[in-house]
Amino acid sequence: MQFATWNVNSLSVRLPQVLDWLATNPEVEVLALQETKLTDDKFPLQLLNEAGFQVHFFGQKTYNGVALISRTQTGTDVVRNIPGMDCDMARVLSATYTAPNGQPVRVVNGYFPNGQAPGTDKFAYKMRWLTALREWLRGELVKTPQLILLGDFNITFDDLDVYDPVALHETIHCTTEERTHLQDLIGLGLTDSHRLFPQPEKSYSWWDYRGFAFRRNNGLRIDHILVSDALKPFATACSIDRLPRKNERPSDHTPVVLTLGATA
DNA sequence: ATGACTAAACCTTTTAGA
């Protein structure tokens, strides 16, 4: 059973690619989307239902917007955003599914703030948002020890996740302050599933549309799937699927896929 | 070159993304 994340940068534009990808990846049970950029009244619920999928979604106009698409499961206890945090943006959507071991798994889908640049108001908001997420997740992990935090984190773990660490030293997505927040999330008892397994060198999940960045593999690894300590023994693979980045009119992000087995 | 693409809205120009 697989859990995947994909920042689609407009679901209106990318819906055919999402449906195609789900058709060619039948093991994917839950797909978390970010940047749907659709208000809930415009969400393609009927098309996805007709294709056999169950969906939860939470969006807004122009920016942000998240969704959870599942193949067979309904998903329960749906929660929008970070409870207790005053935030008018559609960035988080959580639901509980059943893992292959038969136990519930809390799936938290996040579109983390971009942060623009260190020193800006948007960067300060990103820091506040990360603190609020961490404190809320602390309680979620007690309620549901099996938890997956996945999405577009807009943060690299370290220089391995950066195509040019020298040029991008302490720039947005690569600052010590952001990475400290990411490590604080790890400190809750979460693990970067990507690094649990051997990966190709220079593995990235996002490439700029400009300057032939994908062809040159000038990318960043900013889309992540974190698994809780309780779920970690069941992880059997984690991979970045670069194929959709080669589509016509691609998203600038490509899917990341976690595979869970039934036994530890 | 505070640039290069892409998407959406305030739509032939601006804002934001990362």
Sub-4.0 Å heavy-atom contacts from residues 113-133 of chain A onto DNA chain B, ordered by number: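 DNA chain B contact set from residues 113-133 of chain A: Asn114(A), Lys122(A).
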Just distance, no hydrogens or angles: give the donor-acceptor pairs under 3.5 Å from side chains in residues 11-18 of chain A, sequence neighbours left out.
unit_1	atom_1	unit_2	atom_2	d
Arg14(A)	NE	Val8(A)	O	2.8
Arg14(A)	NH1	Arg249(A)	O	2.7
Arg14(A)	NH1	Pro250(A)	O	3.3
Arg14(A)	NH2	Val8(A)	O	3.4
Arg14(A)	NH2	Asn9(A)	O	2.7
Gln17(A)	OE1	Asn247(A)	ND2	2.8
Gln17(A)	NE2	Glu248(A)	O	3.2
Gln17(A)	NE2	Arg249(A)	O	2.8

Just jot down the salt bridge (Lys or Arg N to Asp or Glu O under 4.0 Å) partners of [X], sequence neighbours excluded, or say none.
| X | value |
| --- | --- |
| Asp161(A) | Arg195(A), Arg221(A) |
| Lys143(A) | Glu140(A) |
| Glu35(A) | none |
| Glu29(A) | none |

Between [X] ([atom1]) and [N] ([atom2]), how many Å, whole number?
| X | N | atom1 | atom2 | value |
| --- | --- | --- | --- | --- |
| Asn218(A) | dA18(B) | CG | P | 17 Å |
| Glu170(A) | dA18(B) | CD | C1' | 16 Å |
| Arg216(A) | dA4(B) | CZ | P | 15 Å |
| Tyr63(A) | dA18(B) | OH | P | 12 Å |
| Phe112(A) | dG17(B) | CZ | C1' | 17 Å |
| Arg245(A) | dT6(B) | CZ | C1' | 10 Å |
| His253(A) | dC5(B) | NE2 | C1' | 13 Å |
| Asp223(A) | dG17(B) | CG | P | 15 Å |

Distance between [atom1] atoms of [N] and [M] (Å, rounded):
| N | M | atom1 | answer |
| --- | --- | --- | --- |
| dA9(B) | dG3(B) | C1' | 23 Å |
| dA7(B) | dA1(B) | C1' | 23 Å |
| dA16(B) | dC10(B) | P | 14 Å |
| dT6(B) | dC11(B) | C1' | 15 Å |
| dT12(B) | dT2(B) | C1' | 23 Å |

Note: Asp121(A)-Lys126(A) ion pair, threshold 4.0 Å (strictly below):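 Looking at Asp121(A) and Lys126(A), the cut-off is not met.
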Chi angles and distances behind the side-chain contact (heavy atoms from CB on, under 4.5 Å) call for Arg210(A), Asp252(A): CA-CA 10 Å; Arg210(A) 300 167 293 186; Asp252(A) 42 358; over 6 Å; no
CZ (Phe212(A)) with more than 12 external heavy atoms under 6.0 Å: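 12 or below, so no.
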Set of residues satisfying side chain to side chain contact (heavy atoms under 4.5 Å, CB included) with respect to Ala124(A), sequence neighbours excluded: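 Arg128(A).
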Sugar-phosphate only, base, or nothing, as touched by Asp152(A) at under 4.0 Å among non-hydrogen atoms: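 Here Asp152(A) touches the backbone only, sparing every base.
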Paired and unpaired positions of DNA chain B as dot-bracket, Watson-Crick or G-U wobble under 3.5 Å, | denoting a partner strand: ....(((((...))))).
Residue pairs involving residues 15-39 of chain A (criterion ring-ring contact (aromatic ring centres under 6.0 Å, His included); sequence neighbours excluded):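 Residue pairs with at least one partner in residues 15-39 of chain A: Trp6(A)-Trp21(A).
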ring-ring contact (aromatic ring centres under 6.0 Å, His included): pairs with one or both residues in residues 49-104 of chain A, sequence neighbours excluded: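 Residue pairs passing ring-ring contact (aromatic ring centres under 6.0 Å, His included), neighbours aside: Phe43(A)-Phe57(A).
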Set of residues satisfying ring pair (Phe, Tyr, Trp, His ring centres under 6.0 Å) with respect to Trp136(A), sequence neighbours excluded: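 Trp136(A) satisfies ring pair (Phe, Tyr, Trp, His ring centres under 6.0 Å) with no other residue.
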Below 3.5 Å is the cut-off: list the nitrogen or oxygen pairs between protein and nucleotides 7-9 of chain B, distance only.
unit_1	atom_1	unit_2	atom_2	d
dA7(B)	OP1	Arg14(A)	NH1	3.0
dA7(B)	OP1	Arg14(A)	NH2	3.4
dA7(B)	OP2	Arg249(A)	NH2	3.1
dA7(B)	O3'	Ser10(A)	OG	3.4
dA8(B)	OP1	Ser10(A)	OG	2.5

Residue mapping more 5' on DNA chain B - nearest nucleotide basis, Phe212(A) or Ile222(A):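 Of the two residues, Phe212(A) wins.
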Tyr204(A) side-chain N/O to dA18(B) phosphate OP1/OP2 under 4.0 Å: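 No, Tyr204(A) has no side-chain N/O under 4.0 Å of OP1/OP2 on dA18(B).
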